[in-house]
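Report on the following structure.
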Amino acid sequence: MISSPPIFCLDSIRFKSILEISSLQLGAEPVTAVLGPSGSGKTTLLKLLNRLLSPDSGTVKYQNKDVSEYDPVELRRRVVMLGQTAVLFPGSVRDNLVVGLRFHGRTPPGDDVLNHKLELMGLQLELDRLPASLSGGELARLALARALLLEPEVLLLDEPTSSLDDSTANRVVRHAVEGAAQQNTRVIMVTHSEAIAAEYAQTSVRLRHGQVQLAVSPDAHNPNEEGSA
Amino acid sequence: MNGIVEIELIRLLAAYLLALGVLFLARKTGAVNEILVALLRMSVQLILVGFLLEHLLEQPNVILTLLIFLVMEVFAVHNIFRRVPLPTPPGLRRVIITSMVIGTVGSVGFFLVVIVGVEPWYAPRYFIPLGGMLIGNSMTGISLGFERLAVGIRDNSAKIEGALMLGATVHGAAHSYAVAAFRAAIMPTVNAMMGMGVVFLPGMMTGQILSGSSPITAIRYQIAIMLGIFAAVALTVYLMTTFGYRCYFNHAAQLRLPVSEGRNTLS
């Protein structure tokens with residue numbers, strides 16, 4: 001696997017009583033997993049990376065530049081995040097696919113591109129239909145397609161599978177990772193599933209009570225250690 | 001037919017009897033105390049303001065006139081915050097107050113100087129009742145707009161954060177809630193214009209006709225005041241919603257729901 005310098009560097013981070021990280025590097029590999037029980041600060045960590053939250057103290061650097069020196073919206077266009085529950089915006093499947101591009105002020109592509117994106121996510125949907133009746137797994141993949149259409153440098157996935165059963169969750173993550181790899185988008189993904197981390201991530205970071213327990217490098221990562229959480 | 005039939009004091013008491021009769025009907029609804037307080041306040045406030053206006057009309061005084069306008073303004077702003085028991089993010093109070101002042105002072109000034117053209121500009125006979133109408137309607141509009149804005153942003157916080165995560169600007173993520181709040185807040189005024197003259201005769205026009213003005217004069221005033229009210233409401237609410245929704249975001253374009261909502265965005 002290609003390993004490069006980490007794209008995120010965190011130093012002496014403190015966020016309320018939720019997170020306390022003295023030093024952490026992230027994103028050197030195509031896919032990084034952030035593991036840990038609920039309430040361990042995983043989501044908070046992710047939101048610090050694209051400045052949806054700002055730390056009380058310490059610095060977060062993206063590409064060697066403090067995130068507070070970026071325009072926050074500009075940063076989030078390069079480091080796109082998907083929340084735990086897929087958000088539906090008003091309108092059809094098409095509207096929901098292109099809403100991110102519209103947020104960026106970009107012109108949406110033609111239907112063939114949109115259909116292709118949906119197919120890559122394993123979805124076959126009429127672009128004109130309303131998405132209200134989609135299943136949880138379909139919604140998660142629709143949100144994923146929406147995010148990948150933006151072709152971000154980094155995709156932050158916040159437990160995109162928390163409401164899904166194991167096999168659906170696995171499928172969603174597989175689509176995310178494959179889709180991201182095709183366009184050179186790095187993935188940093190929060191999950192509580194050791195199995196998903198072991199299968200898709202080259203590096204894992206483990207959080208407990210808001211502190212980094214250990215960052216597992218690709219060499220040391222051993223899929224046979226699963227199930228300890 | 002000059003002047004109006006004076007309501008004698010004894011007949012006024014009969015009107016109170018009517019209200020007490022209604023109170024009797026409402027005795028089991030639990031609203032009796034509230035109605036009593038409202039009746040009492042209405043009576044005392046109107047008697048006081050009646051004597052005050054009587055005095056002011058005899059001796060027009062710019063400072064006293066402006067002071068009364070200020071009191072109405074303060075009362076209106078106070079009422080907005082009392083009527084909408086929702087937490088305000090930092091800066092929104094200032095936006096609401098500024099919108100009220102700019103919107104009402106601007107439209108009252110325009111109305112008096114350009115439309116009615118009174119001399120002197122502070123002539124209390126015009127300044128106070130017209131100012132009161134514009135402030136009162138703006139107050140209702142802003143209360144409604146503020147409530148819609150706060151509830152809209154609170155109930156759609158996941159959607160707004162989802163938009164920010166995708167790289168939306170604050171405008172892209174939340175401006176639609178400001179637009180919705182504006183629409184909701186001006187609807188009562190719009191509906192009032194729709195029904196005016198057919199469903200009901202507006203109060204000011206009725207008053208003028210009762211006091212002996214010709215209906216043609218009365219409708220001229222009514223049309224002018226309705227346009228003034230619409231302008232005041234639209235202007236105050238527009239300012240409030242346009243600048244108000246940004247108060248829910250900080251300088252880093254992060255959604256900041258007011259604390260007592262209890263639903264923050266942490267993991």
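Lettering of chains follows the sequences in order, A, B, ..., and the numbering in each one begins at 1. All figures in this text were calculated on a predicted structure; none of them were measured in a lab.
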Donor-acceptor check, side chain of A:E20 to backbone of A:F15, threshold 3.5 angstrom: yes or no? no
Could you tell me which of B:H251, B:H171, B:Q254 has the largest number of non-hydrogen atom pairs under 4.5 Å with chain A? B:Q254
Could you check which of B:G172, B:A168, B:G162, B:A158 has the highest count of heavy-atom pairs closer than 4.5 Å to chain A? B:A168
Hey, are B:R246 and B:T242 close enough side-chain-wise for a donor-acceptor pair under 3.5 Å? no
We want to know whether B:N137 and B:T140 form a side-chain donor-acceptor pair, criterion being a heavy-atom distance below 3.5 angstrom. no
Largest heavy-atom contact set with chain B, pairs under 4.5 Å, which of A:R78, A:H104, A:R146, A:E74: A:H104
Is A:L19 close to chain B through its backbone or its side chain, or both, or neither, when contacts mean heavy atoms under 4.5 Å? neither
Please state whether the side chain, the backbone, both or neither of A:V87 comes within less than 4.5 Å of a heavy atom of chain B. side chain
Taking the six-membered ring for Trp, is the centroid-to-centroid distance between B:F111 and B:F127 below 6.0 Å? no
If the threshold is 4.0 Å, N to carboxylate O, is there a salt bridge linking A:D158 and A:K42? no
